[in-house]
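In this chain, residues are counted from 1 in sequence order. All of these numbers come straight from a predicted model, not from anything done at the bench.
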Amino acid sequence: MFPVKMADNLPSEFDVIVIGTGLPESIFAAACSRSGQRVLHVDSRSYYGGNWASFSFSGLLSWLKEYQENSDIVKESPVWQEQILENEEAISLSRKDKTIQHVEVFCHASQDLHEDVEETGALQKNHASLTSANSTEAARSAGLPTEDESLSAESCEMPTEQTPSSHPESALEVSEVKKTGEKENHCDDETCAQSISEEETNENVPTAEDISEQPQKSRITYSQIIKEGRRFNIDLVSKLLYSRGLLIDLLIKSNVSRYAEFKNITRILAFREGRVEQVPCSRADVFNSKQLTMVEKRMLMKFLTFCLEYEEHPDEYKAYKDITFSEYLKTQKLTSNLQYFVLHSIAMTSEIASSTIDGLKATKNFLHCLGQYGNTPFLFPLYGQGELPQCFCRMCAVFGGIYCLRHSVQCLVVDKESGKCKAIIDQFGQRIIAKHFLVEDSYFSENTCSNVQYRQISRAVLITDRSVLKADSDQQISILTVPAEEPGTLAVRVIELCSSTMTCMKGTYLVHLTCTSSKTAREDLEPVVQKLFAPYTETEIEIEEVEKPRLLWALYFNMRDSSDVSRNAYNDLPSNVYVCSGPDCGLGNDNAVKQAETLFQKICPNEDFCPPPPNPEDIILDGDSLQPEASESSVIPKANSKTPKENANLGNPQMPSE
């Protein structure tokens, strides 16, 4: 966590005030600070990232309780109204965040929570309690804490920087997934000692009673999840980074990538005919695949090669512009097997809504990113997506930006004569002047947003005991698309994270499900959860192998998607007040980067967007000398893992043919 500046020490004037600490706002603030602007970044929340944040398990429970009890509502004080002069008017801001709705929690793990169980390493005792429930209705309140808990540094922890090793071809710190079969014993010291003692002294054949009791020791309980709560980093929004996407380019260019580490997504999966299978997407995977015949392999390679250069051959797709990509694939000498893989696991587009051009563009982007850092086009940041806003917040702070958490803004002050916003008034009645104001959408009141129509995102976060697809290694990071089966339903994106991503404890997987909402999150996503996972029950017999992974804990909620809202939809906003949206439903982060860059260019039209900082050795303290530009080596941080010897990028002309 960054130090929070107290209100009585704040300067009274800035160039830019940013309200909200989501990813677009953080990138924007970092760019402004880097260009020499005086930036004040405020957030009424007690954590960085807003709806882009990550939480430890106990931190997530506290976050859930805030929404359950509406504890984030601040009592309105008349102090700020006295600050408004005759030639001014106020635009009041919302006291309540309404971006999250329909929150439902279910606990399927053994609810043997004792009062003395607390999170390992926690600064204070965990007061989370669990309501015992035998039915799903009663389990909705399971896991919610009984007392307020501070969402402090433990829920927004930055990874420790490691000394990188040199590799000239890599531009990010990408850690390879360790293929280990290590098992963690989750029992306490007393139980472990007893188990070892019995193993050393008892040479008799175990009785049936002993066998029936033995599986209980290996089962993951709710107490263990609470105790290992700091091992979890649970994202509110689930996204991946395209290895050649706008965000990766920005991280490298600005050198912000040195604040984070990344892992490759190791598998791309498909759900077909009721089972999960791995999709061959690189050249090596295609030729090694046992799922495809030799004829299918040639068909697929020919089509993917065309997609890489489709823009150079408009005659081959021009006649199909007005149909969907799904229909276009049927015209391309592809088997139904290949059509399914291309549509749902490579292009990852909608079967009914994506046009031919959209599908070809998405396929080309997928192939273009292959082999950059691994065998898939995607990267994931260690400790979760919530690290990314914090990385840019750190860059902003390095160049003088001031951050204030738990600091609410009561209103924007508008000058009637000029029609521009001139200041804000905070919760202490302090007036802070600025030239430009950036406000996250969730901070606007109902009056300002009365004409705005929002879309919704359905989200589910699951904790499971096994992967959806067994493999030689238990450290797989996978993305799976479950297509819509019936009219009116939507495709669901599933991202499964293992413990090596630092987002869950060993022996568990953290699974994120996302789709565009048609109903509540539970109604949209529960059918997919039931297809992929089995509830964790105490009556199961361990001798019988369960095909599906067991579901230990589940959270459903709907999140507002304001990414497609036009600025003109907001009522009476001054010209120097800019709006940033929350997370969208897309897989990547391109929309956040585009927003930040567009807004930055309006304020600083002649400035470079997030240029690299100079090397310390290049800084000249003599005022008579000009500071040289940053060398190229400062742009590219060292990598701590080597690029795979076999480049799997289908579009790389240097790759040997097979």
For the residue pair Phe232 and Phe57, does the interplanar ring angle fall in the parallel (under 30°), tilted (30 to 60°) or perpendicular (over 60°) class?
tilted
Quick check: does any side chain N or O of [X] sit under 3.5 Å from a backbone N or O of [Y], one acting as donor and the other as acceptor?
X      : Y      : result
Tyr47  : Leu405 : no
Ser517 : Gln456 : yes
Ser26  : Gly22  : yes
Asp15  : Arg38  : yes
Arg95  : Leu93  : yes
Glu440 : Cys580 : no
Ser33  : Ala29  : no
Asn233 : Met502 : yes

Taking C-beta and beyond as the side chain, do [X] and [Y] meet within less than 4.5 Å on heavy atoms?
X      : Y      : answer
His407 : Asp426 : yes
Arg522 : His102 : no
Tyr443 : Ser94  : no
Tyr570 : Val565 : yes
Ile19  : Leu438 : no
Leu64  : Val105 : yes
Tyr556 : Val461 : no

If the test is side-chain hydrogen bond (donor to acceptor under 3.5 Å, both in side chains), which one of Thr516, Asn558, Thr514, Thr520 qualifies with Ser458?
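With Ser458 as partner, Thr516, Asn558, Thr514, Thr520 yield a single side-chain hydrogen bond (donor to acceptor under 3.5 Å, both in side chains), made by Asn558.
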Can you see whether [X] engages [Y] through a side-chain donor-acceptor pair at a distance of less than 3.5 angstrom?
X      : Y      : answer
Asn447 : Ser450 : no
Asp441 : Ser581 : no
Asp524 : Ser518 : yes

For the pair [X] and [Y], find out whether any cationic side-chain nitrogen is under 4.0 Å from an anionic carboxylate oxygen.
X      : Y      : answer
Lys602 : Glu597 : no
Asp564 : Arg455 : yes
Glu607 : Arg34  : no
Arg459 : Glu104 : no
Glu88  : Lys422 : yes
Asp415 : Lys420 : no

State yes or no: are the ring centers of [X] and [Y] separated by less than 6.0 Å?
X      : Y      : value
Phe378 : Tyr242 : yes
Phe28  : Phe600 : no
Phe262 : Tyr373 : no

Start with the C-alpha gap between Val39 and Ile402, add the side-chain angles, then the distance that decides, and say whether side chain to side chain contact (heavy atoms under 4.5 Å, CB included) holds.
CA-CA 6 Å; Val39 178; Ile402 297 177; over 6 Å; no
Holding to side-chain contact (heavy atoms from CB on, under 4.5 Å), I want the full list of residues that pass it with Asp584, two or more places apart in sequence or in another chain.
Lys239, Asp561, Ser563, Asn591
Are there more than 12 heavy atoms of other residues, nucleotides or ligands under 6.0 Å from atom CG of Asn571?
yes
Cation-pi between Arg560 and Tyr454: NZ/CZ under 6.0 Å from ring centre and within 45° of the ring axis?
yes
Under 6.0 Å from the ring centre and within 45 degrees of the ring axis: does the NZ or CZ of Arg394 meet both conditions for the six-membered ring of Tyr259?
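Because its charged atom sits under 6.0 Å from the ring centre and within 45° of the axis, Arg394 does stack over Tyr259.
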